[in-house]
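Some notes on the structure that comes next.
Quick caveat: nothing in here was measured; it's all calculated off a predicted structure. This chain uses plain numbering: 1 for the first residue, then up along the sequence.
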Amino acid sequence: MEPKRIREGYLVKKGSVFNTWKPMWVVLLEDGIEFYKKKSDNSPKGMIPLKGSTLTSPCQDFGKRMFVLKITTTKQQDHFFQAAFLEERDAWVRDIKKAIKCIEGGQKFARKSTRRSIRLPETIDLGALYLSMKDPEKGIKELNLEKDKKVFNHCLTGSGVIDWLVSNKLVRNRQEGLMISASLLSEGYLQPAGDLSKNAADGIAENPFLDSPDAFYYFPDSGFFCEENSSDDDVILREEFRGVIIKQGCLLKQGHRRKNWKVRKFILREDPAYLHYYDPAGGEDPLGAVHLRGCVVTSVESSHDVKKSDEENLFEIITADEVHYYLQAATSKERTEWIKAIQVASRTGK
C-alpha cells in the first residue's frame, strides 16, 4: 500500500546547491516528505525520509525570513521550508512532529477529533494562546501608536499584553506574564516594533520582552506597518494596507502578458478591500494589488491558456475597471473559501 497523504500545499523551499528559495508543492506522507516543482508533476523532485529525522521550529537561521521550519535527517542533511503565515507553519509542524512520533512508536498516523478548550491547559499551549489573543471580541485590541514622529499601525504595547494576560487570569502575576510574553516573542507569535522593543529582543535588555507602554509589538499576520511624515501619494498607497487581514495563502496566478502561471502569496484585506500578491520566496513589497470594491468573482471551468490536466479549481476576478485576473486554488474547497472571502470583502470594504 502507498503511504497515506497527511497534508499537502505550497511551501517555499531553500535549494541545497544554489541556496535559492523557490515555491514547491509539498506532500507530507506517513514516512516522508515529497516536494514537486508543480502540483501537476507525476514524479517528485526530491524526497525527505522522516525516520530518525528531527524538526526545528521556529528556525531562526535566516534573519529576515519568518515562518521557517527545519528538518534534519539522520545523514545530518538540513532541509528548510517557509510557510506563508504563522498558522500555516504551525499546522505543518504539528503534523510532521506527529508523523515522526508515529514512526518511532510503530503506529499509524491518525487524527483525533478534538474540541478546542476555552481554558488553557496547565502546560501553556502558545499556539492556542496566540489565537485567544487575536480573537476579534475577547482578544487584545490593536492600536495605532505614535512615537518619535512615526505612527505604528496594528500595534500592541508591552504593558498592554501583560495587562491582558493578567486580567484574563492566564497568568498569576506580571512576572509570570513577562515569562510567557518572552516565549511568545521567541516563538514568533509576537514581533518587536520600534527601537526599544527591538533592542530588548536582540539581548540588550535583561528581558527580551518589556512590560512597558513605550515598547511596541505586533502580531506577525496583523497587517502591521510603520509610517513617517510623507507625501500625499504615500498616504494614498498606505491606505491599501490599513484593512484587517481576513485570509492569506498561496495560489497560482496567470500573468497578464505572457499568460504563464506562477505561485504567488496572496493577502486579502477588508475595509479597504484589497488583494495583494507577493513573491512567496521573498520580498516585503507586493508585486501587485487588486482593488476589490465592486468586483465580480466566479469559478471558471476551463481556460484557453491552461493545459487540460491543470484546469481544476480555477476562478476569475473581474474588477470594477474590467481588469480580469485568473487564479487557481489547490483544491475545490480552497477555491470556494477564497471566492466567499473575496465576495464578502468586495461588498463590505470601501
Side-chain angles (χ1 to χ4, degrees), residues 6-7 9 11 28 55 57-60 66-69 81-98 111-143 153-172 176-193 197 201 208-209 211 216-224 243-250 265-271 333-334 337-338 340-341 344-345:
I6 297 168
R7 175 178 292 277
L11 293 174
L28 172 61
L55 176 67
S57 177
C59 172
Q60 298 171 329
M66 298 170 64
F67 319 132
V68 175
L69 60 95
F81 294 93
Q82 182 181 21
F85 53 100
L86 185 63
E87 290 93 335
E88 182 182 55
R89 184 201 69 185
D90 287 353
W92 278 94
V93 166
R94 281 194 299 270
D95 284 346
I96 293 172
K97 279 184 177 178
K98 187 168 183 179
R111 283 198 178 91
K112 293 180 181 178
S113 177
T114 58
R115 289 177 58 188
R116 187 177 297 282
S117 172
I118 296 173
R119 298 179 61 187
L120 289 171
E122 290 181 5
T123 303
I124 293 290
D125 181 342
L126 293 178
L129 178 57
Y130 166 76
L131 293 175
S132 300
M133 295 170 76
K134 286 189 69 180
D135 186 277
E137 296 180 3
K138 298 180 181 179
I140 304 176
K141 302 304 178 188
E142 295 177 12
L143 307 168
N153 300 268
H154 298 288
C155 217
L156 318 167
T157 66
S159 56
V161 172
I162 306 293
D163 288 343
W164 184 87
L165 291 170
V166 172
S167 63
N168 283 274
K169 297 184 170 66
L170 296 172
V171 295
R172 290 170 294 183
E176 192 173 282
L178 204 58
M179 180 185 69
I180 296 298
S181 299
S183 298
L184 288 165
L185 188 67
S186 67
E187 291 289 314
Y189 292 105
L190 289 174
Q191 293 291 324
S197 57
F209 189 92
D211 181 2
F216 298 163
Y217 301 89
Y218 64 94
F219 297 125
D221 301 323
S222 66
F224 164 82
V244 175
I245 295 174
I246 57 175
K247 188 169 178 60
Q248 55 186 318
C250 287
K265 174 185 173 181
F266 285 83
I267 296 181
L268 174 61
R269 293 178 170 89
E270 66 175 356
D271 197 25
K333 179 184 176 185
E334 185 181 51
E337 290 173 351
W338 273 103
K340 286 182 177 178
V344 170

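- Checked by atom type and distance alone, the side chain of D135 pairs as donor or acceptor with a backbone atom of E137 at under 3.5 Å.
- In this structure, Y218 OH and Q191 CD are separated by 5.0 Å, a value rounded to the nearest 0.5 Å.
- Smallest separation of non-hydrogen atoms from P192 and Y217: CA-CD2, 3.8 Å.
- Side-chain N or O atoms of W164 include one that pairs as donor or acceptor with a backbone N or O of K138 at under 3.5 Å.
- A pairwise comparison of heavy atoms in L11 and A83 identifies CD2-CA, 3.7 Å as the closest pair.
- Shown here for A345 and R269, the closest heavy-atom pair between the two residues is CB-O, 4.3 Å.
- Here the straight-line distance linking atom CE of M133 with atom CG of L190 works out to 5.0 Å at 0.5 Å rounding.
- Remark: side-chain polar atoms of E88 are paired, donor with acceptor, to backbone N or O of A84 under 3.5 angstrom.
- R89 approaches E187 most closely through the heavy-atom pair NH2-O, 3.4 Å.
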In sequence, state the C-alpha distance, the side-chain angles, and the governing distance for I96 and L28, and then conclude on side chain to side chain contact (heavy atoms under 4.5 Å, CB included).
-> CA-CA 7 Å; I96 293 172; L28 172 61; 3.9 Å; yes
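- Between the side chain of Q60 and the main chain of S186, a donor-acceptor pair closer than 3.5 Å is present.
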Please test F81 against V68 for side chain to side chain contact (heavy atoms under 4.5 Å, CB included), starting from the C-alpha separation and ending with a verdict.
-> CA-CA 6 Å; F81 294 93; V68 175; over 6 Å; no
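- Side-chain contact between L156 and L143 is absent, with no heavy atoms from C-beta onward closer than 4.5 Å.
- With rounding to the nearest 0.5 Å, the separation of CD in E337 from NZ in K247 is 4.5 Å.
- In this structure, CG in L129 is found 8.5 Å from CG in D125, a value given to the nearest 0.5 Å.
- A distance-only check finds no donor-acceptor pair linking the side chain of S57 to the backbone of V93 [under 3.5 Å].
- Rounded to the nearest 0.5 Å, atoms CG (L55) and CZ (R94) are 12.5 Å apart.
- Between S181 and I162 the shortest heavy-atom distance is OG-CD1, 3.3 Å.
- The ring-ring contact (aromatic ring centres under 6.0 Å, His included) with Y189 is formed by just one residue from the set F85, Y130, F209, F67; it is Y130.
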Before giving the answer on side chain to side chain contact (heavy atoms under 4.5 Å, CB included), spell out for I245 and L268 the whole-Å C-alpha distance, their side-chain angles and the decisive distance to 0.1 Å.
-> CA-CA 6 Å; I245 295 174; L268 174 61; over 6 Å; no
Where do F219 and K134 land on the side chain to side chain contact (heavy atoms under 4.5 Å, CB included) test, with the steps shown first?
-> CA-CA 8 Å; F219 297 125; K134 286 189 69 180; 3.8 Å; yes
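- Of the inter-residue distances, the one linking T157 atom OG1 with I140 atom CD1 reads 8.5 Å to the nearest 0.5 angstrom.
- Crowding of K333 atom NZ: a count of heavy atoms from other residues, nucleotides or ligands under 6.0 Å not exceeding 12.
- Closest of all the heavy-atom pairs between L165 and G177 is CD1-O, 3.9 Å.
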